[in-house]
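What follows is a set of notes on a single structure, which appears directly below.
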Amino acid sequence: MDHVDDALIERVREVVASIPAGRVLAYGDVAELAGAPSPRLVGRILAVDGHDVPWHRVLRSDGTVAAHLATDQLARLRAEGVLADGQRIDMRRYRWTDPFPEPGDDQPALW
DNA sequence: CAGATGACGCCGA
DNA sequence: CTCGGCGCCATCT
């Protein structure tokens, strides 16, 4: 029961580690940036080897989080200023879409 | 080998 | 907007 390619695991971990505090990404976003074949793999990788990276900044594209993680994950995000409306995060506001922002092209205002 | 299961995503009703 | 169903990849029964 070995796992996914070590190279892929490393890439996923790097992408997750590069997410700034106060911003989040969807599993699908991480999959694209890391070149993972599917978002499901990202979840699996984080479950096994995500303990030492900011895994709480990765959630579903609709802003919800898995039930068994909700309490911890939402608390961690809240501590960074990512507020949830009940069980749901407002992705429009916190989603981090540009890992390498162009100079002068800032993130959308956090109103 | 076939079916079920997840830290998911998208589309149609 | 919510719900259900199907596709997705790798692993487990």
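The chains referred to below are lettered A, B, ... by the order of the sequence lines, with proteins before strands, and numbering in each begins at 1.
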Query raised in the report: Should A/S61 and A/Y27 count as side-chain neighbours, where that means a heavy-atom distance under 4.5 Å?
Result: no

Query raised in the report: Roughly how far apart, to the nearest Å, are B/dA4 and C/dG5 at atom P?
Result: 15 Å

Query - Which nucleotide in C/dC9, B/dA7, B/dC10 has an atom nearest any side-chain atom of A/P37 - result: C/dC9

**Report entry** Sugar-phosphate only, base, or nothing, as touched by A/A67 at under 4.0 Å among non-hydrogen atoms
**Finding:** nothing

Query - Atom pair distance, as rounded to whole Å: CZ in A/R92 and C1' in C/dC1 - result: 13 Å

Query raised in the report: Of the nucleotides B/dG9, C/dA10, B/dA7, which one has an atom closest to the side chain of A/R60?
Result: B/dG9

Requested in this report: Heavy atoms only: give me the nearest A/G86-A/L74 pair and the separation to one decimal.
Outcome: O-CD1, 4.0 Å

Query raised in the report: Looking at residues 68-79 of chain A, who's got a heavy atom less than 4.0 Å off DNA chain B?
Result: A/H68, A/L69

Report summary line: So CZ of A/R60 and CZ of A/R88: to nearest 0.5 Å the spacing works out to 10.0 Å

Report summary line: The side-chain contact (heavy atoms from CB on, under 4.5 Å) partner of A/M91 among A/D62, A/V24, A/T97 is A/V24

Query raised in the report: Atom CG of A/D62 and atom P of B/dA7: how far apart are they, to the nearest Å?
Result: 15 Å

Report task. Give a yes or no on whether a salt bridge exists between A/R57 and A/E80, defined as a side-chain N under 4.0 angstrom from a carboxylate O. Result -> yes

**Report entry** Beyond-backbone contact of A/W55 with A/D49, side-chain heavy atoms, under 4.5 angstrom
**Finding:** no

Report task. Calculate the interatomic distance between A/I19 atom CD1 and B/dA7 atom P; express it in whole Å. Result -> 18 Å

Report task. Take atom CG of A/L59 and atom P of B/dG9, then tell me their distance rounded to the nearest Å. Result -> 9 Å

Report summary line: What residues 81-89 of chain A contributes to the DNA chain B interface at heavy-atom separation below 4.0 Å is none

Requested in this report: Return yes when atom CG of A/D85 has more than 12 non-hydrogen atoms of other residues, nucleotides or ligands closer than 6.0 Å, and no otherwise.
Outcome: no

Requested in this report: Nearest whole angstrom, please: distance from the C1' of B/dA7 to the CG of A/L46.
Outcome: 7 Å

Query raised in the report: Can you tell me if the side-chain N/O atoms of A/S38 get under 4.0 Å from OP1 or OP2 in C/dA10?
Result: no

Report task. Let me know the distance between CG of A/D90 and P of C/dC1, rounded to the nearest Å. Result -> 11 Å

Report summary line: Checking C/dC9, B/dG9, B/dA7 against the side chain of A/L41 (C-beta onward), the nearest is C/dC9

Report task. Nearest 0.5 Å please: distance from the CD1 atom of A/I45 over to the CD atom of A/E10. Result -> 10.0 Å

Report task. Provide, to the nearest angstrom, the distance between the CG atom belonging to A/D29 and the P atom belonging to B/dG9. Result -> 8 Å

Report task. Whole angstrom is fine here: how far is it from NE2 in A/H56 over to P in B/dA7? Result -> 18 Å

**Report entry** N/O donor-acceptor pair under 3.5 Å between A/R23 side chain and A/Y94 backbone
**Finding:** yes

Query raised in the report: Side chain of A/A26: nearest nucleotide among C/dT11, B/dG9, B/dA7?
Result: B/dG9

Query raised in the report: Thinking salt bridges, do A/R13 and A/D52 make one under a 4.0 Å N-O criterion?
Result: yes

